[in-house]
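See structure below.
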Number of protein chains: 2
Amino acid sequence: MKRSRSAVAADPHERIVAAAAQVFASSGFEGARIDEIAERAGINKAMLYYHVGDKERLYSAVLLESIERALSLLRAAAATAGSPSEKLQAVLDTLAAFGTSNPEFIPLIMREVASGGRNLPDEMFVRMGAVFRVVGDVLAEGVEQGVFRPTDPLLTHVTLVGALMYLLATEPVRQRVARAAGLPVADHNPAHLARHVGNLFLHGLEAAPAASRKTVTRKRREGSR
Amino acid sequence: MKRSRSAVAADPHERIVAAAAQVFASSGFEGARIDEIAERAGINKAMLYYHVGDKERLYSAVLLESIERALSLLRAAAATAGSPSEKLQAVLDTLAAFGTSNPEFIPLIMREVASGGRNLPDEMFVRMGAVFRVVGDVLAEGVEQGVFRPTDPLLTHVTLVGALMYLLATEPVRQRVARAAGLPVADHNPAHLARHVGNLFLHGLEAAPAASRKTVTRKRREGSR
DNA sequence: GTCTATATACCGATAGAC
DNA sequence: GTCTATCGGTATATAGAC
């Protein structure tokens, strides 16, 4: 057991980590300023070093604390009663909700992915493996029941989770792109985005099922709109 | 017409932009050091400022030059003869190939997405809109022909492209995760990743087609393996 | 445990000689 | 056009008083 989590976070360590998560997420590791983190945590810079050590240790603490919370939520979602499809959708919904109530999480992960995970502490890979296992088990269950096609589980997991995180993270960019392209500008809530990803991945984009086989390609199955 | 593109890039401007792309991609905007860019371009720091101006202008030049090249390749891919599904797969293949022969591109884009596009110049949004239109047109064509289900095209485009870019970018992270989780470590080539995404998106994960409708859920359609 | 003051280093940008 | 030298600003990290 580590520290108790309270809403106001009286614990200096927690206040610092929470503030650091925000700054690291919005500015990256190199761009984050210790002064800004200290200020946002409401303490002095010297105190920050006293409590959590240098910038690198603080960064590791932020990442580990984030993924730890995400992991336990995702595990709970996958333990939901229901079909593998429903479990997978529950995982996506949970990830979207977590990414929204913890807006630092997705930028943090995406920056690390962009840098090839160069600054990731070893413990992070273990946690990421645990997250994979949550999705991987659902996929395996689906294949076993014959409701999922067999695929490379790690690739499918990354595809699924990456697509949703990307969709969530691009919200502001997407709106500006829509404006620049003369498209209708819509702001989608996270739940909607999770459903879009789930729908797309579960049923596929093609209207005709398995049209690539040697079965007859059914053109224009009427009543589709 | 701007400048001629040669392999060795005798033009100082090009050498600088190419070097900057590498450094910005691996260190981010704030983390990138002008000295390192100059050194990697084989010129003096003062010359860098003489040729391209300050850090921000250099960054914009890198982004615009990258997406411009990607855009023309993607347009060519979408102009391929074939079904909408084949065109979509061609676009994915092209993006994967481009991301591989231009390893700076995906990290650059992902970092910007992670920061909400805060440092993106206005011209970038126009280009990103053009990239969307390439995919959007293929999607519209597929819907028109009745082979694609109608979806929000912008969301589907971002989901598709985001999934592939994420898959490509996580290659090194994925291997370390696999090692930490005791999974078989595989290094997939970009073409394979593009096919994984295309396959998943086009046909979906579910073995039974449209099982969510009121049609009979066909359990265990035999001969699936 | 908390804060002020500062050491130390580095970075972006430019001045100015050639 | 090219380079050296350097200015001005700011960053991480710590020393030391309280």
Side-chain angles (χ1 to χ4, degrees), chain A residues 2-4 6 8-63 104 107-108 111-112 115 118-121, chain B residues 2-4 6 8-64 104 108 111-112 115 118-121:
Chain A
K2 301 286 284 299
R3 256 166 279 259
S4 66
S6 74
V8 283
D11 183 3
H13 186 93
E14 291 209 18
R15 296 241 310 269
I16 295 168
V17 170
Q22 294 176 18
V23 179
F24 281 132
S26 81
S27 306
F29 179 77
E30 295 91 350
R33 305 294 108 169
I34 296 287
D35 297 86
E36 190 185 347
I37 295 172
E39 185 187 25
R40 211 176 288 206
I43 62 159
N44 190 274
K45 181 165 63 168
M47 279 312 297
L48 186 148
Y49 282 97
Y50 175 81
H51 278 293
V52 295
D54 66 5
K55 197 178 181 180
E56 210 163 347
R57 290 180 69 90
L58 179 55
Y59 187 62
S60 290
V62 166
L63 285 175
E104 335 81 40
L108 241 29
R111 277 184 209 275
E112 276 306 320
S115 72
R118 209 176 333 114
N119 298 53
L120 284 178
Chain B
K2 302 287 282 299
R3 255 166 280 259
S4 67
S6 74
V8 283
D11 184 1
H13 186 93
E14 291 209 18
R15 297 242 309 270
I16 295 168
V17 171
Q22 293 176 18
V23 179
F24 280 132
S26 81
S27 306
F29 179 77
E30 295 91 350
R33 305 295 110 172
I34 296 286
D35 296 86
E36 190 184 346
I37 295 173
E39 185 188 24
R40 210 176 288 207
I43 62 160
N44 191 274
K45 181 164 65 165
M47 279 313 297
L48 187 148
Y49 281 97
Y50 175 80
H51 279 292
V52 295
D54 67 5
K55 197 178 181 181
E56 209 163 349
R57 290 180 69 89
L58 178 54
Y59 188 63
S60 290
V62 166
L63 285 175
L64 288 170
E104 335 81 40
L108 242 28
R111 276 184 209 277
E112 276 306 320
S115 72
R118 207 174 335 113
N119 298 53
L120 284 178

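Just so it is clear, the values below take in all heavy atoms, side chains as well, and ignore hydrogens, waters and symmetry mates.
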Distance, rounded to the nearest Å, where [X] contributes [atom1] and [N] contributes [atom2]:
X        : N       : atom1 : atom2 : answer
Arg15(B) : dG1(D)  : CZ    : P     : 14 Å
Tyr50(B) : dC3(D)  : OH    : P     : 12 Å
Ile34(A) : dT14(D) : CD1   : C1'   : 13 Å
Leu48(A) : dT2(C)  : CG    : P     : 12 Å
His13(A) : dG1(C)  : NE2   : C1'   : 16 Å
Asp54(A) : dA11(D) : CG    : C1'   : 14 Å
His51(A) : dA13(D) : NE2   : C1'   : 16 Å

Closest to the [X] side chain, choosing from [options]:
X        : options                   : answer
Asn44(B) : dA11(D), dT4(D), dA13(C)  : dT4(D)
Met47(B) : dG1(D), dC3(C), dT12(D)   : dG1(D)
Arg33(B) : dG12(C), dT12(D), dA13(C) : dG12(C)

> Should the pair Phe24(B) and Tyr59(B) be assigned to parallel (<30°), tilted (30 to 60°) or perpendicular (>60°) ring geometry?
Replying inline: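 Perpendicular: the ring planes of Phe24(B) and Tyr59(B) meet at over 60°.
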>> Regarding Ala32(B), tell me which of base, sugar-phosphate or nothing describes its non-hydrogen contacts under 4.0 Å with the strands shown.
In response: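 Touches sugar-phosphate only.
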> What nucleic acid atoms does Asp35(A) come within less than 4.0 Å of, heavy atoms only: base, sugar-phosphate, or nothing?
Replying inline: base
Side-chain contact test, heavy atoms from C-beta onward, threshold under 4.5 Å: evaluate it for [X] versus [Y] and give yes or no.
X         : Y         : result
Lys55(A)  : Ile34(A)  : yes
Glu56(B)  : Pro121(B) : no
Glu112(A) : Asn119(A) : yes
Ile43(B)  : Pro12(B)  : no

> Given that Gly31(A) and Ala46(A) both sit by DNA chain D, which one's nearest nucleotide is further toward the 5' end?
Replying inline: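 Whichever sits nearer the 5' end wins; that is Gly31(A).
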> If you find the nucleotide of DNA chain D closest to Gly42(B) and the one closest to Lys45(B), which residue's nucleotide is nearer the 5' end?
Replying inline: Gly42(B)
> Does a side-chain N or O from Tyr49(A) land closer than 4.0 Å to OP1 or OP2 of dA13(D), or not?
Replying inline: yes
